[in-house]
Amino acid sequence: MDNQEISRILYEISLYLEMNGVPFKPVAYEKAAFSIEALEEDVEEIYKREQLDGLKKIPGVGETIARRIEEYLKTGKIQYYENFKKKMPVAMGELMAVEGIGPKAIRDLYRYLKIKNLKDLEVAAKAGKIRNVPNFGLKTEQNILEAIEFLKRSKGRFLLGMILPTISTVYARLKVLKEVEEISLAGSVRRMKETIGDVDFLVIPCSSGRISSSESTKKIMNFFVSLPGIEKIWGKGTTKASVRMKEGFDMDIRVVPKKSYGSALQYFTGSKEHNIVLRTIAMGKGLKLNEYGVFKGPKMIAGETETGVYKVLGMEWMPPEMRENQGEIELALAHKIPKIIDYNDLKGDLHCHSDWDGGVNTILEIAMAAQEMGYEYIGISDHTKFLRIERGLDEKKLIAQRKEVNKINSQFEKQKKNFRVLQGCEANILADGSVDIADDILRQLDYVIAGVHSQLKMEKTEMTERIIKAMENPNVDIISHPTGRLIKRRDEYQIDFDKILEVAKETGTILEVNSFPERLDLNDKNIRKAKEGGVKMVINTDAHEKSQMRFIELGIAQARRGWAEKEDIINTQPIGKLLNFFK
DNA sequence: GCCGTTTTCGGCCCGACTGTTTTCAGTCG
């Protein structure tokens with residue numbers, strides 16, 4: 001549980017060092033922070049078992065950082081960090097989230113204007129004070145204000161992928177309580193929205209045997225408010241408790257009677273817009289719908305199950321991911337809800353980065369992780385040479401990598417494993433729409449992903465043309481993260497998406513649904529457009545570390561929110577059919 | 001501060017863009 005916190009502190013140390021212009025150390029601390037964040041095992045466990053030597057085995061952690069981690073585990077803080085923090089007590093995470101603000105800017109803004117947090121920054125920018133700070137100007141001040149506006153638009157919401165692990169842990173703890181008969185997530189988490197306001201749990205207390213339901217309820221509530229990771233208890237009553245987690249989001253738990261469980265689940269799952277229409281439909285039938293049930297006069301005619309609630313309204317049940325009042329209600333009334341893709345429909349992931357381009361894991365490690373996930377194939381698609389920071393592969397290295405992949409595949413064949421590693425790459429679409437790897441090399445790969453990674457601020461027609469040209473390349477099979485958005489941080493590129501869909505259809509180019517928590521690109525709306533336009537998609541993770549392959553759940557959720565069916569997504573297909581989709 | 005089939009010392013991935021500047025520093029990917 002401490003990994004995240006240690007990682008955050010190490011990262012902040014790297015920023016403080018960067019501010020002070022210290023060479024090389026910032027990168028060292030940053031690497032260690034990243035490495036610990038990605039760690040599957042608790043550092044505390046490692047330390048208990050192997051002490052300092054164990055810590056030093058973590059990539060990027062040497063003598064000094066191992067000792068700092070030890071200090072944290074023993075005392076709960078790191079003095080080195082506390083000293084920095086005392087000299088410059090700024091809310092680092094908050095300020096760094098502002099696009100265009102980095103450590104040096106934070107340093108100067110604190111030095112000249114004593115800006116400590118986002119609020120201070122906004123006040124100073126609005127008062128026109130920032131333009132007077134040396135090396136800042138009017139334009140920078142305006143950019144800061146725009147960036148703050150952008151942040152505010154997504155304020156108070158958390159990335160689903162970031163908080164899902166915590167939520168799952170809490171869910172699992174509650175589920176095994178003997179006082180809990182039934183439990184479900186509700187709200188935007190159940191709908192798998194990309195960002196989450198707060199988390200809702202619904203629970204039926206157990207009332208069998210000697211335990212009364214009110215006794216169970218009391219125990220459940222006490223257990224809930226004493227969970228680890230809680231920062232503040234907002235309230236605790238007989239039907240509802242509410243807490244604030246350390247990560248900053250709130251969690252509510254509601255205890256509902258068994259006979260109302262379905263209607264409560266329906267009601268608290270939402271969305272609000274979906275529910276408003278449902279209540280109107282109920283009214284039209286002379287019924288009343290609320291969180292306790294569906295009523296005809298005083299008589300309750302449904303409510304124990306969600307399916308039952310929809311049924312008395314003349315509707316088919318539908319997956320929570322569809323409930324946004326985007327046409328699903330009409331389909332449910334007509335009993336024409338599509339059979340959307342399921343969470344275990346995928347047979348492989350075609351976008352994983354290996355240690356060849358600076359990722360963490362070897363191709364073999366990734367392949368083994370893929371097998372554990374039940375995949376039939378895995379696609380290695382490392383960055384190519386234009387992205388030097390990512391140690392992008394050039395033609396020579398791609399050929400060498402091909403040999404390595406062949407070697408691994410023949411091993412699997414010998415072991416009679418029904419599994420195959422595919423070699424792709426994630427090439428760069430350059431400003432003129434060309435791709436940074438020679439055609440004769442691209443042709444030798446199993447498939448080619450191409451993506452935009454530079455000059456993101458192109459004008460709309462130019463950017464659209466650029467991507468179209470890449471799709472027209474006879475070697476480019478997949479466009480990665482097609483709109484380039486970063487949730488809460490950066491808007492999409494300026495593109496004419498309809499035009500892109502047209503050309504994708506014509507050229508048989510596949511668009512990626514990138515599962516990375518802050519990307520989810522294509523998003524739900526674009527997925528639906530692509531599906532309607534007859535464009536095929538692939539759900540990938542873009543994992544740079546094997547634990548990130550689990551992000552696939554988020555991509556599938558997004559596809560479900562976009563009503564994608566199995567046949568819309570190429571990696572639901574076995575390898576033989578999959579390969580047919582590539583040019 | 002970390003790391004090692006170019007090294008236990010001496011390296012430490014690069015290029016584009018922006019906004020501030022008169023030649024560059026900070027930020028981003």
Side-chain angles (χ1 to χ4, degrees), chain A residues 9-11 13-36 52 55-70 78 80-81 84 92 95-109 111-112 130-147 150 353 355-359 382-394 397 426-432 436 451-459 463 466 480-481 484-486 489-491 493 514 516 518-519 521 542 544:
Chain A
I9 292 173
L10 293 177
Y11 179 60
I13 290 175
S14 90
L15 294 172
Y16 278 118
L17 291 165
E18 180 100 47
M19 277 180 197
N20 295 336
V22 179
F24 307 118
K25 288 192 194 184
V27 187
Y29 275 93
E30 193 185 4
K31 266 190 186 162
F34 178 75
S35 169
I36 284 167
L52 277 178
L55 296 177
K56 284 200 288 199
K57 282 186 203 149
I58 302 168
V61 175
E63 183 66 29
T64 310
I65 294 184
R67 290 204 179 275
R68 302 222 190 278
I69 296 172
E70 178 182 46
I78 297 175
Y80 186 59
Y81 167 71
F84 280 127
M92 202 73 88
L95 293 171
M96 284 294 291
V98 181
E99 177 99 357
I101 297 276
K104 304 280 168 77
I106 293 176
R107 176 196 64 196
D108 291 343
L109 291 168
R111 187 179 289 169
Y112 291 97
I130 296 208
R131 66 187 80 165
N132 300 324
V133 176
N135 294 321
F136 286 68
L138 188 60
K139 194 73 215 273
T140 308
E141 187 174 277
Q142 282 165 352
N143 285 346
I144 287 174
L145 278 172
E146 268 176 45
F150 187 82
H353 293 270
D355 58 352
W356 283 66
D357 76 357
D382 283 327
H383 285 295
T384 54
K385 61 187 179 185
F386 179 81
L387 276 189
R388 300 199 188 203
I389 180 77
E390 304 276 11
R391 298 189 206 201
L393 276 54
D394 59 12
K397 284 207 173 133
E426 186 184 17
N428 300 290
I429 303 175
L430 304 178
D432 63 357
D436 68 334
V452 170
H453 295 101
S454 58
Q455 280 159 285
L456 312 179
K457 288 192 171 170
M458 268 187 176
E459 185 267 329
M463 187 59 115
R466 176 181 179 186
S480 57
H481 39 73
R485 69 140 176 190
L486 294 178
R489 276 180 57 201
R490 185 175 78 198
D491 277 326
Y493 324 130
N514 187 299
F516 232 72
E518 59 173 358
R519 283 202 186 268
D521 177 11
D542 207 349
H544 287 62

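Throughout, a chain's letter reflects where its sequence line sits, starting with A, and its residues are numbered from 1.
For the pair A:Ile13 CD1 and B:dC2 P, the computed distance is 11 Å after rounding to whole Å. Between A:Tyr29 atom OH and B:dC2 atom C1' there is a gap of 11 Å when expressed in whole angstrom units. For the pair A:Glu518 CD and B:dG29 C1', the computed distance is 12 Å after rounding to whole Å. Summarising the geometry, the separation between CD1 on A:Ile65 and C1' on B:dG1 is reported as 6 Å, rounded to the nearest angstrom. Look at CG on A:Asn132: it is 11 Å from P on B:dT21, rounded to the nearest Å. In this structure, A:Glu99 places its CD atom 12 Å from C1' of B:dT18, rounding to the nearest Å. When the P atom of B:dC17 is taken as reference, atom NE2 of A:His453 falls 16 Å away, rounded to whole Å. B:dC17 atom P lies 15 Å from atom CD of A:Glu459, rounded to whole Å.
When side chains are defined from C-beta on, A:Asn132 does not count as touching A:Phe136, because their heavy atoms never get closer than 4.5 Å.
A:Phe34 meets the ring-ring contact (aromatic ring centres under 6.0 Å, His included) test with no other residue; sequence neighbours excluded. Taking the ring-ring contact (aromatic ring centres under 6.0 Å, His included) definition, one finds that A:Tyr29 meets it with nothing, sequence neighbours left out.
Comparing the P positions of B:dT6 and B:dC2 gives an interatomic distance of 22 Å, to the nearest angstrom. Comparing B:dC28 with B:dT22, their P atoms sit 23 Å apart, to the nearest whole Å. Distance check on atom P: B:dT23 versus B:dC14 gives 26 Å, rounded to whole Å. Comparing the P positions of B:dT20 and B:dG10 gives an interatomic distance of 42 Å, to the nearest angstrom. Comparing B:dC3 with B:dT8, their C1' atoms are spaced 10 Å from each other, to the whole Å. Comparing the same atom, P, in B:dG1 and in B:dT5 gives a spacing of 23 Å after rounding to whole Å. Here, B:dC12 and B:dC17 have their C1' atoms 24 Å apart, quoted to the whole Å. Only the P atoms considered, B:dC9 is 45 Å distant from B:dT18, to the nearest whole Å.
The side chain of A:Lys104 has B:dG26 as its nearest neighbour among B:dG19, B:dC2, B:dG26. Taking only side-chain atoms of A:Leu486, from C-beta outward, the nucleotide of B:dG29, B:dG26, B:dG1 with the closest atom is B:dG29.
For A:Asn514 and A:Ser480, the side-chain atoms include no donor-acceptor pair closer than 3.5 Å.
Between A:Asn143 and B:dG19 there is a side-chain polar atom (N or O) within less than 4.0 angstrom of OP1 or OP2. In this model, the phosphate group of B:dG15 is not approached by any side-chain N or O of A:Ser454 to a distance below 4.0 Å at OP1 or OP2. Checking the phosphate oxygens (OP1, OP2) of B:dG19, no side-chain nitrogen or oxygen of A:Arg131 falls inside 4.0 Å.
Of the two residues near DNA chain B, A:Lys31 and A:Lys25, the one whose nearest nucleotide lies more 5' is A:Lys25. Where A:Arg519 and A:Gly137 meet DNA chain B, the nucleotide closest to each residue was compared, and A:Gly137 sits on the side nearer the 5' end.
Base pairing of B:dA16: its partner is B:dT27, meeting the Watson-Crick or G-U wobble criterion (both donor-acceptor distances under 3.5 Å).
With centroids closer than 5.5 Å and planes inclined by less than 30 degrees as the test, A:Phe24 and the base of B:dC12 pass as a stacked pair.
Between A:His481 and A:Val452, the closest heavy-atom pair is CE1-O, 3.7 Å.
A:Pro26 comes within contact range of no nucleotide atom at all, as no heavy-atom separation falls under 4.0 Å. Within 4.0 Å of A:Ala105, counting heavy atoms only, lie sugar-phosphate atoms of the nucleic acid but no base atom. Within the 4.0 angstrom heavy-atom criterion, no nucleotide atom of any strand lies near A:Ile106. Heavy atoms of A:Arg67 sit nowhere under 4.0 angstrom from any nucleic acid atom.
Each of A:Glu30, A:Lys25, A:Met19 was evaluated against A:Ser14; a single residue qualifies, A:Glu30, per the side-chain contact (heavy atoms from CB on, under 4.5 Å) test.
Ring geometry for A:His453 against A:His383 counts as perpendicular: the plane angle is over 60°, on a 0 to 90° scale with 30° as the lower cut.
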